[in-house]
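All heavy atoms count here, side chains included; hydrogens, waters and symmetry mates do not. Numbering of ligands and ligand atoms starts at 1, following listing order.
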Amino acid sequence: MPIPQAPLDVQQRASLREHNTFGLPAVARTLVRIKSEADVRRVVDHPEYGVAPKLVLGGGSNLVLTRDVEAVVLKVEIPGIRLLREDADAWIVEAGAGESWHGVVAWAIAQGIPGLENLALIPGAVGAAPVQNIGAYGVELQDRFESLDAVDLVTGRTVTLDAPMCRFGYRDSVFKQALAGKSVIVRVRLRCPRPWQPVIGYLDLERKVAETGITAPDARTVFDWVCAIRRAKLPDPAVIGNAGSFFKNPVVTAEQCRDIIGRDPEVVHYPLPDGSVKLAAGWLIDACGWKGKSVGRAGVYERQALVLVNRGGASGAEVVTLARAIQESVYGRFGIRLEPEPVIV
Ligand code: EPU
């Protein structure tokens with residue numbers, strides 16, 4: 001006899017306001033809570049949900065909801081964190097896609113596993129981390145990535161992807177491109193290399209070294225520094241709705257950059273190994289005078305122009321209107337098209 005399965009946890013007409021860090025109002029026609037890998041297969045085998053379009057939701061930290069969602073929303077809540085292996089050259093940590101990213105970073109630090117500390121306090125779920133290859137203070141997810149398991153939303157099969165298969169780029173991966181909406185990440189394995197070395201070359205961290213005189217910080221200290229830096233300049237989504245950086249830092253040719261420097265010598269720029277140059281989008285937006293400004297109930301954060309915030313009761317449309325206005329003024333002054341980082345639905 002087949003073993004009876006727990007039914008899927010389905011909610012009709014579910015508010016998504018609590019499920020996106022911007023706090024934007026939208027209703028999902030159907031919301032399914034995915035608590036295990038088997039739940040994904042149940043969705044695939046379901047006569048109605050199996051064939052319906054789907055939206056996979058992690059912590060909702062990289063999302064702008066501009067309307068109600070007709071697609072079946074899969075809210076990934078798969079738990080579990082463990083040290084999978086301890087090799088001579090790395091610790092391998094495995095986490096369920098529904099765990100909070102910061103929770104995993106804090107857990108690793110508490111276990112004495114260093115390597116994730118630069119990525120502390122990034123909002124969102126573990127399953128979303130590879131999707132946009134999260135990064136901060138000199139470390140990107142791809143630098144600490146071992147592999148992940150994802151369930152194909154058509155076949156119901158679980159596949160394991162290594163780093164090349166994920167095609168990581170700057171805030172980008174195969175899950176934003178060819179595999180967008182086609183699979184659900186259920187588990188992620190992180191690789192923390194040993195011997196550990198602190199990554200403290202980022203300007204804000206160099207300042208901490210200078211301020212404290214600690215030139216060889218341990219992982220816990222770097223973790224505390226990163227938390228302090230982020231708290232000082234980024235709004236806590238639990239208090240002020242936001243989705244982190246709203247735009248990617250644009251990459252331009254050396255020639256374009258020289259042009260901009262000619263007119264604006266102060267422009268913050270980082271030369272890349274291939275000869276192109278990354279510009280600080282926050283600086284460009286700030287230079288156009290947007291810091292602290294609002295359009296309707298959406299605004300530009302006072303302490304970091306790259307972050308758009310919900311000043312209370314904003315709609316997704318207001319956020320998008322503000323974003324367009326910023327794009328236009330940056331284009332008008334610098335000839336650069338800023339590309340949004342979050343997914344706009
Ligand atoms: N700047 C200004 N005015 C502003 C904002 C920034 O002049 O209003 C200048 C800063 O002074 C600095 C430069 O622009 O010289 C860059 O700013 P910052 O160091 O704060 O980093 P960022 O480019 O704004 C990126 C990531 C963040 C990540 C930080 C730290 C992107 C789009 N953003 O921000 O990631 O935490 O570096 O590594 O790559 C995110 O993706 O959601 C995110 C927060």
Side-chain angles (χ1 to χ4, degrees), residues 20-22 58-64 101-102 105 116-125 128-144 168-173 176 199-208 222-223 225-237 240-252 257 260-261 264-272 277-293 299-309 323 326-327 329-330 333-334 336-343:
N20 73 99
T21 59
F22 244 121
S61 60
N62 205 40
L63 187 66
V64 182
W101 172 262
H102 178 71
V105 176
L116 302 175
E117 54 284 348
N118 293 52
L119 303 174
L121 274 191
I122 295 182
V131 175
Q132 60 150 344
N133 186 23
I134 57 171
Y137 308 104
V139 177
E140 283 184 316
L141 191 273
Q142 66 174 341
D143 305 321
R144 299 288 181 266
F168 290 122
Y170 168 55
R171 295 296 188 277
D172 195 26
S173 75
K176 272 182 136 180
V199 180
I200 46 176
Y202 201 91
L203 187 64
D204 287 332
L205 288 170
E206 278 178 346
R207 275 197 201 118
K208 289 282 180 196
V222 177
F223 174 86
W225 285 350
V226 168
C227 290
I229 293 165
R230 290 190 73 101
R231 288 200 173 107
K233 79 170 154 191
L234 296 169
D236 176 355
I240 304 172
N242 77 92
S245 299
F246 197 91
F247 298 102
K248 294 184 188 187
N249 285 326
V251 175
V252 299
C257 187
I260 295 172
I261 291 174
D264 288 280
E266 317 274 76
V267 63
V268 178
H269 60 287
Y270 318 94
L272 298 178
V277 184
K278 190 181 264 189
L279 304 179
W283 187 92
L284 301 172
I285 299 166
D286 199 0
C288 292
W290 279 103
K291 204 185 254 178
K293 295 274 164 61
V300 179
Y301 192 52
E302 285 69 15
R303 276 177 268 162
Q304 161 59 292
L306 194 48
V307 177
L308 303 194
V309 294
I326 292 171
Q327 282 171 313
S329 65
V330 168
R333 169 146 175 206
F334 299 102
I336 290 169
R337 287 184 203 282
L338 290 181
E339 196 189 320
E341 198 189 273
V343 175

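Between the side chain of W101 and the backbone N or O of L119, at least one donor-acceptor pair lies under 3.5 Å. Between the N249 side chain and the A280 main chain, no donor and acceptor come within less than 3.5 Å of each other. Remark: the backbone N or O of V199 is paired with a side-chain donor or acceptor of N118 at under 3.5 angstrom. Between the Q132 side chain and the I134 main chain, no donor and acceptor come within less than 3.5 Å of each other.
Closer than 4.0 Å to atom 23 (O) of ligand 1 lies at least one heavy atom of the protein. Proximity of atom 44 (C) of ligand 1 to the protein is indicated by at least one non-hydrogen atom lying closer than 4.0 angstrom.
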Residues F246, L338; criterion side-chain contact (heavy atoms from CB on, under 4.5 Å); working and verdict: CA-CA 10 Å; F246 197 91; L338 290 181; over 6 Å; no
Carefully, step by step, assess V131 and N62 under the rule side-chain contact (heavy atoms from CB on, under 4.5 Å). CA-CA 10 Å; V131 175; N62 205 40; over 6 Å; no
Test S173 against Q142 for side-chain contact (heavy atoms from CB on, under 4.5 Å), laying out the working first. CA-CA 10 Å; S173 75; Q142 66 174 341; over 6 Å; no
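The closest heavy-atom contact to atom 33 (N) of ligand 1, among the options G282, P250, A281, S245, comes from S245. With atom 35 (O) of ligand 1 as the reference point, the heavy atom nearest to it among E341, R171, H269, E140 is part of R171.
For the pair L63/P342, no side-chain contact is recorded, criterion being any heavy-atom separation below 4.5 Å from C-beta on. Put simply, the side chain of Y170 does not reach to within 4.5 Å of the side chain of N133, judged on heavy atoms.
Taking only nitrogen or oxygen atoms, main chain and side chain alike, L306 does not reach within less than 3.5 Å of ligand 1. Considering both main-chain and side-chain atoms, K248 never comes within under 3.5 Å of ligand 1 through any nitrogen or oxygen pair. The shortest N/O to N/O separation between K233 and ligand 1 falls below 3.5 Å.
In terms of protein heavy atoms, atom 11 (O) of ligand 1 is closest to V268 CG2, 5.0 Å. Protein heavy atom closest to atom 38 (O) of ligand 1, with residue, atom name and distance, is Y137 N, 2.6 Å. Protein heavy atom at the shortest distance from atom 3 (N) of ligand 1 is D286 OD2, 2.8 Å. Closest protein heavy atom to atom 17 (O) of ligand 1: Q304 NE2, 4.3 Å. Closest to atom 9 (C) of ligand 1, if we only count protein heavy atoms, is W283 CB, 4.1 Å. Of all protein heavy atoms, the one lying nearest to atom 31 (C) of ligand 1 is Y170 OH, 3.3 Å. The protein non-hydrogen atom at the shortest distance from atom 8 (O) of ligand 1 is A305 N, 2.8 Å. For atom 25 (C) of ligand 1, the closest heavy atom belonging to the protein is N249 ND2, 4.1 Å.
For L306 against A281, the heavy-atom pair with the smallest separation is CD1-CB, 3.6 Å.
Residue A136 touches ligand 1 through backbone and side chain together, judged by heavy-atom distances below 4.0 Å. The proximity of R303 to ligand 1, defined as any non-hydrogen pair under 4.0 Å, does not occur for either the backbone or the side chain.
Here the CD1-NZ distance, from I200 to K208, works out to 13.0 Å after rounding to the nearest 0.5 Å.
In this structure, Q132 falls outside the shell of residues with a heavy atom less than 4.0 angstrom from ligand 1. Ligand 1 lies within reach of Y270, whose nearest heavy atom is under 4.0 Å from it. For Y202, the closest heavy-atom approach to ligand 1 falls below 4.0 Å. Put simply, part of R230 is less than 4.0 Å from ligand 1, judged by heavy atoms.
Applying the side chain to side chain donor-acceptor pair (under 3.5 Å) rule to R171 yields the partners E341; only residues at least two apart in sequence or on another chain are considered. Residues satisfying the ring pair (Phe, Tyr, Trp, His ring centres under 6.0 Å) criterion with Y202, sequence neighbours excluded, are Y137.
If you number the atoms of ligand 1 from 1 as listed, the ones under 4.0 Å from a heavy atom of A280 come out as 13 (C), 14 (O), 16 (C). Distances below 4.0 Å separate heavy atoms of G244 from the following atoms of ligand 1: 42 (O). Below 4.0 Å from some heavy atom of F247 lie the following atoms of ligand 1, by number and element: 32 (C).
A salt bridge is absent between K248 and D172; no separation between the charged side-chain nitrogens and carboxylate oxygens falls under 4.0 Å.
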